[in-house]
Amino acid sequence: MSTAGQVIKCKAAVAWEAGKPLSIEEVEVAPPQKEEVRLKILFTSLCHTDVYFWEAKGQHPLFPRIYGHEAGGIVESVGEGVTDLQPGDHVLPVFTGECKECRHCKSEESNMCDLLRINTDRGTMLSDGKSRFSKDGKPIYHFLGTSTFSEYTVCHVGSVAKINPAAPLDKVCVLSCGICTGFGATVNVAKPKKGSSVAIFGLGAVGLAAAEGARVSGAARIIGVDLNSNRFEEAKKFGVNEFVNPKDHNKPVQEVIAEMTDGGVDRSVECTGSIQAMISAFECVHDGWGVAVLVGVPNKDDAFKTHPVNFLNERTLKGTFYGNYKPRSDLPGVVEMYMNKELEVDKFITHSVPFSEINKAFDLMLSGQSIRCIIRMEN
C-alpha cells in the first residue's frame with residue numbers, strides 16, 4: 001500500500017541531549033513538501049561530524065535531534081516540483097547540495113551551492129522553516145538536511161544524488177561525506193602526477209581517503225603524517241608507504257619531510273583541522289611547483305601564519321569542500337568508479353551493527369577502533 005502523502009511512523013535514533021546515548025524512538029515523519037523527497041534509509045554510517053555535533057563541542061546545541069548524514073536509501077515519495085527523482089530510485093543523501101541554479105552551481109570551478117551549502121545550525125527544512133520529524137506532537141530537529149539515523153527521512157531534492165541501482169548501498173553509502181571529501185581533495189584539487197610524492201597529514205577516514213586518491217593517481221611516495229603511530233599499519237592498505245610521527249623528531253615536521261624528499265613533496269593534503277598541521281602541510285611542499293590542499297576545519301579563532309616568501313617561491317595553497325564534487329552531478333560518477341573497481345571502498349568499512357545497536361558505533365569510533373561502521377536499518 002502506498003504511503004505517499006501520508007505521515008509515516010517509524011523508528012529513529014533520537015539525541016535528547018549532548019553526549020548521551022541515542023534513544024530508539026517511534027517518531028512521525030511528515031510527507032515531503034515542495035522540492036523535497038522522502039527517503040527510506042537502508043544503510044547509514046557514523047561520521048566524525050555526527051560525533052562532534054552530538055558532543056556539542058563549541059556549538060550551540062539543538063536538541064532533540066536526529067543525526068546522520070552518510071547513508072544509502074530508496075526514494076519513497078516526492079514533493080511538488082520534483083521531476084528528476086521518482087519512487088524506487090536508489091539514492092545517496094548528501095550534507096551539502098546542488099540547486100543547479102545559483103552562480104556556484106553554474107560554475108565549473110565551484111561546488112559550494114548558495115542555497116544548500118552546509119549549515120550546522122539549521123534544524124528545519126528550507127521551504128517553511130519547520131521540521132518533518134515529530135514525537136507526541138513536538139518537533140525533533142534535523143541535522144545537515146539529512147538526518148539519516150531514521151528509517152525514513154525528508155531531504156531537499158538538491159541534496160539527493162541518484163545512483164546506479166546495481167551499486168550495493170551498504171558499501172557506497174560511505175561516499176556521502178568523508179571518503180569523497182578526502183579522495184576528491186587529492187584527485188580533483190591536489191592533482192598529483194604519476195610518480196610524484198604526496199604527504200597526507202592525518203590518517204583518519206578522510207586522510208586515508210586522500211591517500212587512496214594519491215594511490216589511484218599513481219603517486220610513487222605517499223607519506224603519512226600522524227601523531228598516532230598505531231595508525232600507520234592500517235594506512236598501508238591505502239597506499240601509504242612511508243610514515244612520520246612529528247613527536248619522534250626535535251624539529252618541525254616540515255623540515256623532516258623536506259630532508260626526506262630533497263626539498264619537499266610535490267603535493268600535500270591536510271586532513272586534521274590542526275592549524276599547525278595546516279602550516280606544516282604548506283611549508284613541506286617543494287618550492288617552484290608544490291601544492292598544499294587544506295581539508296580539515298580549524299577552530300574559529302585560529303590564524304594561519306607563514307612567511308610570504310613561501311608564496312613568492314611559488315608554493316600554492318588551496319582549500320576544498322567535499323572534494324570539489326557537485327553532489328547530484330558528480331557523485332553518481334564516483335559510485336561508478338567503485339563499480340568499475342577503480343576506487344576501493346570496502347576497506348574503509350571496518351564494522352557493521354544493527355540499528356538497535358547504533359550506540360555501539362559511537363563507542364567504536366570514540367575508542368578509535370573503527371574507520372567506518374555501517375548501521376543496518378533492517379536488523
Side-chain angles (χ1 to χ4, degrees), residues 4-5 29-39 41 49 68-133 141-148 152-165 172-173 175-181 183-185 187-189 295 297 318-337:
V29 186
Q33 302 302 306
K34 185 176 181 180
E35 298 296 319
E36 296 174 0
V37 295
R38 188 162 60 185
L39 310 178
I41 300 298
T49 304
H69 64 286
E70 285 190 352
I74 298 173
V75 175
E76 176 270 339
S77 60
V78 302
E80 178 188 348
V82 176
T83 58
D84 57 351
L85 289 172
Q86 59 186 4
D89 284 344
H90 286 222
V91 296
L92 301 182
V94 184
F95 66 93
T96 183
E98 181 186 356
C99 72
K100 297 190 176 182
E101 298 296 332
C102 70
R103 289 185 67 191
H104 280 278
C105 285
K106 290 181 178 180
S107 167
E108 295 181 358
E109 300 181 49
S110 174
N111 67 336
M112 302 185 70
C113 175
D114 289 332
L115 178 67
L116 299 167
R117 192 175 302 190
I118 183 173
N119 186 325
T120 58
D121 295 326
R122 185 174 60 237
T124 56
M125 299 301 291
L126 279 172
S127 62
D128 57 5
K130 296 180 180 179
S131 175
R132 302 290 175 259
F133 296 108
Y141 292 110
H142 294 250
F143 178 63
L144 297 183
T146 50
S147 293
T148 60
Y152 287 86
T153 190
V154 177
C155 303
H156 190 283
V157 65
S159 296
V160 179
K162 180 180 176 180
I163 65 167
N164 185 342
V172 298
C173 64
L175 296 174
S176 292
C177 182
I179 309 308
C180 275
T181 297
F183 187 79
V187 300
N188 294 336
V189 186
V295 179
V297 179
K318 294 184 174 184
T320 182
F321 172 71
Y322 191 52
N324 208 36
Y325 287 117
K326 294 179 185 285
R328 297 163 82 183
S329 298
D330 298 334
L331 193 47
V334 181
V335 171
E336 291 306 310
M337 288 186 67

Could you tell me which non-hydrogen atom of [X] sits nearest to which non-hydrogen atom of [Y], and how far apart they are?
X    : Y    : value
K162 : P332 : O-CG, 3.2 Å
S77  : P87  : CA-CG, 4.3 Å
V78  : Q86  : CG1-CA, 4.2 Å

Closer than 3.5 angstrom, by distance alone: can the side chain of [X] be matched with the main-chain N or O of [Y] as a donor-acceptor pair?
X    : Y    : result
N111 : F321 : yes
D114 : C102 : no
H142 : R132 : yes
N188 : A185 : no
S110 : S107 : no
S131 : G123 : no
S176 : A71  : yes

Atom NZ of K100: over 12 foreign heavy atoms under 6.0 Å:
yes
Derivation of the side-chain contact (heavy atoms from CB on, under 4.5 Å) call for T146 and T153:
CA-CA 7 Å; T146 50; T153 190; 5.9 Å; no
V335 and L92: side-chain contact (heavy atoms from CB on, under 4.5 Å), yes or no, with the steps?
CA-CA 10 Å; V335 171; L92 301 182; 4.1 Å; yes
Approximate separation, where rounding is to 0.5 Å, of [X] [atom1] and [Y] [atom2]:
X    : Y    : atom1 : atom2 : value
L39  : I74  : CG    : CD1   : 10.0 Å
C155 : L85  : SG    : CG    : 10.5 Å
D121 : Y141 : CG    : OH    : 12.0 Å
L331 : E336 : CG    : CD    : 10.5 Å
I41  : T148 : CD1   : OG1   : 5.5 Å
C113 : R103 : SG    : CZ    : 13.5 Å

Apply side-chain contact (heavy atoms from CB on, under 4.5 Å) to the pair L126 and L116, showing each step before the final yes or no.
CA-CA 9 Å; L126 279 172; L116 299 167; 3.4 Å; yes
Pairwise side-chain hydrogen bond (donor to acceptor under 3.5 Å, both in side chains) hits with a residue in residues 90-99, at least two apart:
E98-S329
Partners passing salt bridge (Lys or Arg N to Asp or Glu O under 4.0 Å) against E35 (at least two apart in sequence or in another chain)
none
Taking atom types as modelled and ignoring hydrogens, do the side chains of H104 and R117 form a donor-acceptor contact shorter than 3.5 angstrom?
yes
Between Q33 and D128, do the side chains contain a donor N or O and an acceptor N or O under 3.5 Å apart?
no
Taking the six-membered ring for Trp and the full ring for Phe, Tyr or His, determine whether the centres of F95 and F143 are under 6.0 Å apart.
no
Mind jotting down which residue pairs meet the salt bridge (Lys or Arg N to Asp or Glu O under 4.0 Å) criterion with at least one end in residues 75-84? Sequence neighbours excluded, please.
R38-E76, D84-R328
Check step by step if side-chain contact (heavy atoms from CB on, under 4.5 Å) holds for V94 and V160.
CA-CA 6 Å; V94 184; V160 179; over 6 Å; no
